[in-house]
Amino acid sequence: MSAGRLRTISDLGELVGRRVLVRCDFNVPLDDDRITDDLRIRATIPTIDRLSGLGANLVLCSHLGRPKGRVVPELRLDPVAARLAEILGREVTKLDDVVGPAVEETVHSLIPGSMVLLENLRFHPGEEANDAAFAEALASLAHAYVDDAFGAAHRSHASVVGVAGHLPAGAGLLMQREVEVLSKLRDDPEKPFVAILGGAKVSDKLATVDALIDRVDALLVGGAMAFSFLAAAGGEVGRSPVEPDRYEEVRRAVRRADDRGVLIQLPEDMVGAAEPTLEAGRKTVRADAIPRDLMGLDIGPRSVEEFARTIADARTILWNGPMGMFELEPFSAGTRGVARAVAGSNAFTVVGGGDSLAALRMFDLADQIDHLSTGGGASLRFLEGRELPGISVLMTED
Ligand code: ADP
Ligand code: MG
């Protein structure tokens with residue numbers, strides 16, 4: 001872990017009339033060119049407002065999706081610019097390139113208080129490669145650099161790491177808040193600390209499980225990842241998704257939790273169906289005795305009750321990963337029940353993960369959570385105690 005202090009906007013000196021390159025995380029979910037959830041755009045507004053208030057001219061940039069170094073028309077940032085302009089009630093000039101003469105010309109003729117958004121950073125192969133020339137070209141657009149893209153902080157990309165070597169650099173307000181909140185959870189959580197993990201794959205979250213065992217009092221496991229826990233302990237999980245090559249790791253984690261007196265709570269019942277469709281008949285079954293022809297698609301009502309009991313005693317709660325296939329209404333009750341328990345708790349509550357946040361918004365509970373973490377992978381890695389390159393470059397030396 002880097003020593004020192006996180007540099008912020010206050011470290012950048014006088015900004016009146018200066019151009020500031022702001023790395024945003026506008027990686028929003030899209031349905032064609034419609035933005036289905038603009039949380040990530042809204043989360044960066046405080047930083048944009050602060051910098052504008054300080055008199056800076058803003059050059060905003062972000063990635064969107066995985067265009068892999070090529071121009072993919074469906075991943076242009078025009079819908080993002082439109083939504084941003086709508087939220088701010090201000091004009092946002094959208095450029096069709098990331099770097100190059102046309103971009104330079106527009107940026108250099110910016111009038112005070114104006115704002116431009118560069119094209120999708122990942123259209124350029126230099127972004128993910130952290131190419132030195134690309135980083136320098138990006139940096140040459142501005143006098144200072146602000147990183148508000150916590151969701152990309154675990155990537156050593158040009159706009160996250162490379163540019164910071166060329167410009168005075170500081171964290172935006174969102175980045176600052178993420179680091180503050182997650183540091184508290186990692187280093188000094190109020191106890192009891194209860195973590196709830198779910199979601200699609202156990203392999204994605206085993207490192208997090210391991211790190212959390214050292215910090216939490218209870219770990220509740222739901223979602224598809226629960227089946228590997230149940231099966232590793234000898235349970236019958238029918239046609240539910242499992243990752244047998246991870247059973248040994250799962251068993252080791254469970255043993256370690258046991259040794260440390262950490263409760264690992266698994267679902268007792270599951271809502272099963274023959275297939276994940278709206279029409280499929282549902283059946284609530286014991287979680288460790290799922291019939292051969294069924295797959296578990298949600299945690300059952302008893303599990304929700306038991307999880308809620310543990311959640312009610314917590315003073316710190318971290319939740320990442322839905323309890324079931326909540327996108328389909330018949331399999332959403334488990335996720336909704338856990339979301340309600342977390343939202344209703346008096347504990348300090350943190351929720352991360354794109355799908356978990358989408359679930360909270362679907363249930364209209366997002367405003368009852370203390371901190372919505374915009375970074376899925378980045379938040380988990382941070383909590384694991386790993387160094388995030390995008391944060392290291394913002395730290396002071398001492
Ligand atoms: P997050 O984005 O919050 O980190 P993940 O991406 O890890 O969460 O997992 C979310 C996905 O997991 C959702 O699409 C959900 O449908 C799926 N999922 C959860 N439980 C199950 C299950 N029992 N069977 C199949 N898919 C599941
Ligand atoms: Mg996800």
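Residue numbers start at 1 and run along the sequence shown. Just the heavy atoms: all of them, side chains too, but no hydrogens, waters or symmetry mates, feed the values below.
- Note: F326 CZ to D298 CG = 11.0 Å, rounded to the nearest 0.5 Å.
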**Item:** R76 and V71: CA distance, side-chain angles, deciding distance, side chain to side chain contact (heavy atoms under 4.5 Å, CB included) verdict
**Value:** CA-CA 8 Å; R76 287 196 180 276; V71 175; 3.5 Å; yes

**Item:** side chain to side chain contact (heavy atoms under 4.5 Å, CB included) evaluation trace for L185 with F193
**Value:** CA-CA 9 Å; L185 248 57; F193 180 8; 3.9 Å; yes

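- Put simply, OG1 on T8 and CG on L173 are 8.5 Å apart, with the number rounded to the nearest 0.5 Å.
- How far CZ of F307 is from CE of M323: 6.5 Å, rounded to the nearest 0.5 Å.
- When side chains are defined from C-beta on, L141 counts as touching L118, because their heavy atoms get closer than 4.5 Å.
- A 4.5 Å side-chain heavy-atom check between R23 and L121 finds at least one atom pair inside the cut-off.
- Counting heavy-atom neighbours within 6.0 Å of R66 CZ, excluding the residue itself, gives a total of 12 or less.
- Put simply, the side chain of S345 reaches to within 4.5 Å of the side chain of I317, judged on heavy atoms.
- Salt-bridge formation is not detected for the pair R40/D38: no Lys NZ or Arg NE/NH1/NH2 atom is positioned less than 4.0 Å from an Asp or Glu carboxylate oxygen.
- Distance check: F227 CZ to I290 CD1 gives 5.0 Å after rounding to the nearest 0.5 Å.
- Within the cation-pi definition used here (under 6.0 Å to the ring centroid, within 45° of the axis), R186 qualifies as a partner of F382.
- Looking at S114 and E91, their side chains never bring a donor and an acceptor atom within 3.5 Å of each other.
- Salt-bridge annotation for R50 and D148: absent, with no side-chain N of the basic residue lying under 4.0 Å from a carboxylate O of the acidic one.
- Between the side chains of S52 and R90, at least one donor N or O lies within less than 3.5 Å of an accepting N or O.
- For the pair I299 and P267, the tightest heavy-atom approach, listed with the atom from each and the gap, is CG2-CG, 3.7 Å.
- The backbone N or O of N27 lies less than 3.5 Å from a partner atom in the side chain of D25, making a donor-acceptor pair.
- Atom CG of D187 is surrounded by more than 12 heavy atoms from other residues, nucleotides or ligands within 6.0 Å.
- A donor-acceptor contact shorter than 3.5 Å is absent between the side chain of Q368 and the backbone of G344.
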**Request:** Might you work through the salt bridge (charged side-chain N to carboxylate O under 4.0 Å, His left out) test for R286 and D288, ending with a clear yes or no?
**Result:** CA-CA 6 Å; R286 264 183 53 183; D288 61 356; 3.0 Å; yes

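- In E105, the CD atom is not crowded: 12 or fewer heavy atoms of neighbouring residues, nucleotides or ligands sit closer than 6.0 Å.
- The neighbour count for R177 CZ, taken as heavy atoms of other residues, nucleotides or ligands under 6.0 Å away, is above 12.
- In terms of heavy atoms, R282 sits closest to F331 at CG-CE2, 3.7 Å.
- Residue K94 places its NZ atom among more than 12 non-hydrogen atoms of other residues, nucleotides or ligands, all under 6.0 Å distant.
- Counting only distance, with no hydrogens or angles, the side chain of N320 and the backbone of G352 share a donor-acceptor pair below 3.5 Å.
- In terms of hydrophobic clustering, with Ile, Leu, Val, Met, Phe, Trp and Tyr side chains grouped at heavy-atom distances under 4.5 Å, L167 and V99 are assigned to a common cluster.
- Neither side chain, H124 nor E119, offers a donor N or O lying under 3.5 Å from an acceptor on the other.
- Contact of the R7 side chain with the V146 side chain is not registered, since no non-hydrogen atoms from C-beta on lie closer than 4.5 Å.
- By the 4.5 Å heavy-atom criterion applied to side chains, T44 and L60 are not counted as neighbours.
- Using a 4.5 Å cut-off on side-chain heavy atoms (C-beta onward), R340 and L365 make contact.
- Nearest heavy-atom pair across E178 and S373 is OE1-OG, 2.8 Å.
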**Asked** Can you check side chain to side chain contact (heavy atoms under 4.5 Å, CB included) on W319 and T335, steps first, answer last?
**Response** CA-CA 11 Å; W319 177 29; T335 303; 3.9 Å; yes

**Message:** If you apply the rule side chain to side chain contact (heavy atoms under 4.5 Å, CB included), what do you find for L110 with L58, and how did you get there?
**Reply:** CA-CA 9 Å; L110 276 181; L58 306 189; over 6 Å; no

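- Here the side chain of E14 pairs a donor or acceptor atom with the backbone of V16 at under 3.5 angstrom.
- The environment of D364 atom CG is sparse: at most 12 non-hydrogen atoms of other residues, nucleotides or ligands sit within 6.0 angstrom.
- A pairwise comparison of heavy atoms in V59 and V107 identifies CG2-CG1, 4.0 Å as the closest pair.
- Residues V20 and A56 come closest through the heavy atom pair CG2-CB, 3.7 Å.
- For CZ of R19, the number of neighbouring non-hydrogen atoms (other residues, nucleotides, ligands) closer than 6.0 Å is greater than 12.
- When atom types are taken as modelled, the side chain of R381 and the backbone of L388 share no donor-acceptor pair closer than 3.5 angstrom.
- Taken from CG in L197 to CE in M225, the straight-line distance is 5.0 Å, to the nearest 0.5 Å.
- Scanning both residues, G390 and V393, for their nearest heavy atoms gives O-CG2, 3.5 Å.
- Atom OG1 of T316 and atom NZ of K191 lie 8.5 Å apart (nearest 0.5 Å).
- Of the possible polar contacts, one joining the S228 side chain to the E243 backbone as a donor-acceptor pair under 3.5 Å is found.
- The side-chain heavy atoms of I41 and I35, taken from C-beta on, include a pair separated by under 4.5 Å.
- The pair R256-D210 meets the salt-bridge criterion, with a side-chain N (NZ, NE, NH1 or NH2) lying under 4.0 Å from an Asp/Glu carboxylate O.
- With hydrogens and angles ignored, the 3.5 Å screen pairs a side-chain donor or acceptor of Y145 with a backbone N or O of S159.
- In this structure a side-chain-to-backbone donor-acceptor pair under 3.5 Å is present from R122 to G65.
- For S240 (side chain) and G296 (main-chain N/O), a donor-acceptor pair under 3.5 Å exists by modelled atom type.
- With hydrogens and angles left out, the side-chain atoms of S303 and D269 include a donor and acceptor closer than 3.5 Å.
- Panel note: side chain D97, backbone V103; no donor-acceptor pair is recorded below 3.5 Å.
- Counting only heavy atoms from C-beta outward, the side chains of N120 and H63 approach each other to under 4.5 Å.
- Counting non-hydrogen atoms of other residues, nucleotides and ligands closer than 6.0 Å to CD of E249 gives a total above 12.
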